[in-house]
Undergrad: 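Just passing along the structure, written as structure tokens.
For clarity, every value in this text was computed on a predicted model and none was experimentally measured. Below, read A as the first sequence line, B as the second, and so on, with proteins coming before strands; counting in each chain starts at 1.
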There are 2 protein chains.
Amino acid sequence: MGSGRITIEDVAAAAGVSRQTVTRAMNGLPEISRRTRELVLRTAAELGYRPSRFASNLAARRKTRAVGLVLGSLRNPYYTELAAELLDVVAPRGWHVLMASHEQGDAVELVAALSGQADAIVGYFPGDEAALVAAARGVPLVQMERPATVPGMHAVVLDFDTAIEALLDELRARGARRFGLVELAAPAAGDGAGRYRPTFRRQAYERHAGPDSAAAVVVADESIRGGADGLARLRAAHPDVDTVLVFNDLMAMGAMQQAQLDGVAVPGDLRVVGVDGLSLGAVMTPPLSTLSIDRRALAEEAAGIVGTLLDGGEPPPHPSIVRTVTPRPLWRESA
Amino acid sequence: MGSGRITIEDVAAAAGVSRQTVTRAMNGLPEISRRTRELVLRTAAELGYRPSRFASNLAARRKTRAVGLVLGSLRNPYYTELAAELLDVVAPRGWHVLMASHEQGDAVELVAALSGQADAIVGYFPGDEAALVAAARGVPLVQMERPATVPGMHAVVLDFDTAIEALLDELRARGARRFGLVELAAPAAGDGAGRYRPTFRRQAYERHAGPDSAAAVVVADESIRGGADGLARLRAAHPDVDTVLVFNDLMAMGAMQQAQLDGVAVPGDLRVVGVDGLSLGAVMTPPLSTLSIDRRALAEEAAGIVGTLLDGGEPPPHPSIVRTVTPRPLWRESA
DNA sequence: TTGAAAGCGCTAACAT
DNA sequence: ATGTTAGCGCTTTCAA
């Protein structure tokens, strides 16, 4: 007895029909009688037959598309809301989405693993771009929030320079005099662990916050706790800060929590502004003002790039495609 | 000129080597000289060659596994935290995860689509089980929070009866006299739209809340707004309710918001308890007490079932496997 | 170190 | 309504 898997051939033999008839029954094709269809389906079920998805996709005319999505963490609503948007955007095109997060490994490892199952990979890839492209083995990569610098890498970037300049201007108009920033710390583990590099958000902040405020920066972990902790350290070092920009909304929630704990009135004593535009921010007390990133636009741009690459008719190699999305302030009550 | 895709054959021809040599170069196998490897890699890049994932997976000895995950919505942190746990659980086994949500279509449609790309599908499947199993075409289904009643369907269920009885007892000990429930409304669209069926949570509530409280139930949408709205209606109809159980934490957040808006002190005037155990609940004011569902356990049980089915050595058909997880109260400050 | 032959398991034309 | 013949594009023996 062959010990391998049960194939279409086994079913055909058991049912006393041809392979083709089994295909017709399994896939609900029309050219088959009710009787034989049911016979085939029954014997397939009895044998526990399961079509090989690789074989059927290889033989089939229409290949189904799949895109890999690499996120920082599924525990940060920013990423999951982005994932939600991407699903919404690609579902109508019939694309599948394979999910992965940095919590499971190096970006390079994730890309290598996904490259065997996806036709394109989009998301956040910290690390060396050349290494990423090599790991992708020809599968196109679309990177978020960082420009593409090598062939095979494409990008959707965020224009924080424009956005943060406008944000700070408006905050000044609302009375802000002394800014502070709770910036993202270097990742503790994985790719590039411990190697801190100023984020684009910080760079934009330092360019526009004014000389007094540019130095009022602390780094903190990407979590609610991290934000709380960061605010405490910021206020200890810079008691005169009256307006704080926090790296993202999750951390800003922690900062607001800390402010409340310390008896600091928001926005009376301290204006707090996050970045992301999470809908959850509206449930805070007071509701969180934020520099909102249009996740739908990000998802659409990324999907657009993938579409161009995969279905654009142009044969590879393709020059890097880069699109830009500009965040916009969402004024609620914390600033 | 053939207008089809670029195959390994094209690369082999262009590089003047055999197909096999191209495979060796692309996959980083040892038995090849540096020179030819680089030659092959270069010409592959120039031609824009991308290996067919279907062909390579079909031919390869080691088949990679993929599990489909069907969730209600990626905009509800409960589901995304569950997804995070599932990723953590399956990543060490090298399984891929294909994501889908009810926002993109009927459970039956989603299952049909995923069945072509996944080796098993787990998650939430409202709708007729027989139809789901038929749509899965032999791919095993593992359903959450609903027992399996047909072959091909397996399940991880939640013991709300035990959990809610214990919860209500403890609430009584804390002074609760009159309970109310904000229950989930029927979905507005998709599968089974408009057809309301009492949830297991409601059934358990009605069994244990006592005759006076069993009737104090309103239904509301699965969203923050829905929860706010639900609490308003509950209090209008049953002003004497002093303790409210809300279908999930997301809705409970809305309820807490509404209470604050109406000047109702929590937990002084009204105890509020959610269900899920979201970490975000800790950031509310006051922090949300909740009947916590152990998402890690859910994910582990589901993955365990899939493992048994796929790698258990037993040939299909398999009898339905059902495992149980019991939610436990997580006392914070809202009750 | 490289090449030739033989599948992997299925679907798509074309018969019949 | 059913069977037959060719592939799909790659990896794996095995031989050179």
Undergrad: Identify every side-chain donor-acceptor pair in residues 303-315 of chain B under 3.5 Å, counting partners at least two apart or on other chains, and give the distances.
TA:
unit_1, atom_1, unit_2, atom_2, d
B:Thr308, OG1, B:Gly304, O, 2.9
B:Asp311, OD1, B:Arg65, NH1, 2.3

Undergrad: Would A:Glu9 and A:Arg19 count as a salt bridge (charged side-chain N to carboxylate O under 4.0 Å, His left out) if you check the C-alpha gap in whole Å, the side-chain angles of each, and the deciding distance to 0.1 Å?
TA: CA-CA 6 Å; A:Glu9 201 92 46; A:Arg19 286 190 321 211; 3.5 Å; yes
Undergrad: Does the C:dT11 base have a donor-acceptor partner in the side chain of A:Arg19 within less than 3.5 Å?
TA: yes
Undergrad: Would you say the side-chain atoms of B:Arg295 pair up with the backbone N or O of B:Ile293, donor to acceptor, closer than 3.5 Å?
TA: yes
Undergrad: May I have the distance from A:Ile6 (atom CD1) to C:dC10 (atom P), rounded to whole angstrom?
TA: 11 Å
Undergrad: How are the rings of B:Phe54 and A:Phe54 set relative to one another: parallel (under 30°), tilted (30 to 60°) or perpendicular (over 60°)?
TA: tilted
Undergrad: Measure CG/B:Leu58 against C1'/C:dC8 and give the value in whole Å, please.
TA: 4 Å
Undergrad: Looking at DNA chain C, which of residues 46-53 of chain A put a heavy atom within less than 4.0 Å of it?
TA: A:Tyr49, A:Pro51, A:Ser52
Undergrad: Do the non-hydrogen side-chain atoms of B:Leu141 and B:Leu132 ever get within less than 4.5 Å of each other?
TA: yes
Undergrad: Looking at residues at least two apart in the chain, or sitting in another chain, which of them share a side-chain contact (heavy atoms from CB on, under 4.5 Å) with A:Ala83?
TA: A:Leu69, A:Leu71, A:Met99, B:Leu74
Undergrad: Return no unless some side-chain N or O of A:Ser18 is found under 4.0 Å from OP1 or OP2 of D:dG3.
TA: yes
Undergrad: Identify the stems formed by DNA chain C, where each pair is Watson-Crick or G-U wobble with both distances under 3.5 angstrom and a stem is at least 3 consecutive pairs.
TA: C:1-11 with D:6-16, C:13-16 with D:1-4
Undergrad: Rounded off to whole Å, could you give me the CD-to-P distance for the A:Glu9 and C:dT11 pair?
TA: 13 Å
Undergrad: Using heavy atoms and a sub-4.0 Å distance, could you list which residues of residues 22-42 of chain A are near DNA chain D? By number, please.
TA: A:Arg24, A:Glu31, A:Ile32, A:Ser33, A:Thr36
Undergrad: Using only side-chain N and O atoms of A:Thr21, determine if any of them is under 4.0 Å from OP1 or OP2 of D:dG3.
TA: yes
Undergrad: Of A:Arg50, A:Arg5, A:Arg53, which meets salt bridge (Lys or Arg N to Asp or Glu O under 4.0 Å) against B:Asp119?
TA: A:Arg53
Undergrad: P atom, C:dG9 versus C:dA13: distance in rounded Å?
TA: 23 Å
Undergrad: Write down the distance between CD1 (A:Ile8) and C1' (D:dG3), rounded to a whole number of angstrom.
TA: 13 Å
Undergrad: If only atom types and distance count, is the side chain of B:Asn27 paired as donor or acceptor with the main-chain N or O of B:Leu29 below 3.5 Å?
TA: no
Undergrad: For B:Lys63 and C:dG9, give me the distance from atom NZ to atom C1', rounded to whole Å.
TA: 8 Å
Undergrad: Tell me if the side-chain of A:Gln20 makes a donor-acceptor pair with the base of C:dA12, cut-off 3.5 Å, by modelled atom types.
TA: yes
Undergrad: Could you tell me whether A:Glu38 and A:Arg34 make a salt bridge, using a distance below 4.0 angstrom between a side-chain N and a carboxylate O?
TA: yes
Undergrad: Looking at B:Ser320 and B:Met153, would you say the former's side chain and the latter's main chain have a donor-acceptor pair under 3.5 Å?
TA: yes
Undergrad: Do any pairs count as a side chain to side chain donor-acceptor pair (under 3.5 Å) and have a residue in residues 91-100 of chain A, sequence neighbours left out, and if so which ones?
TA: none
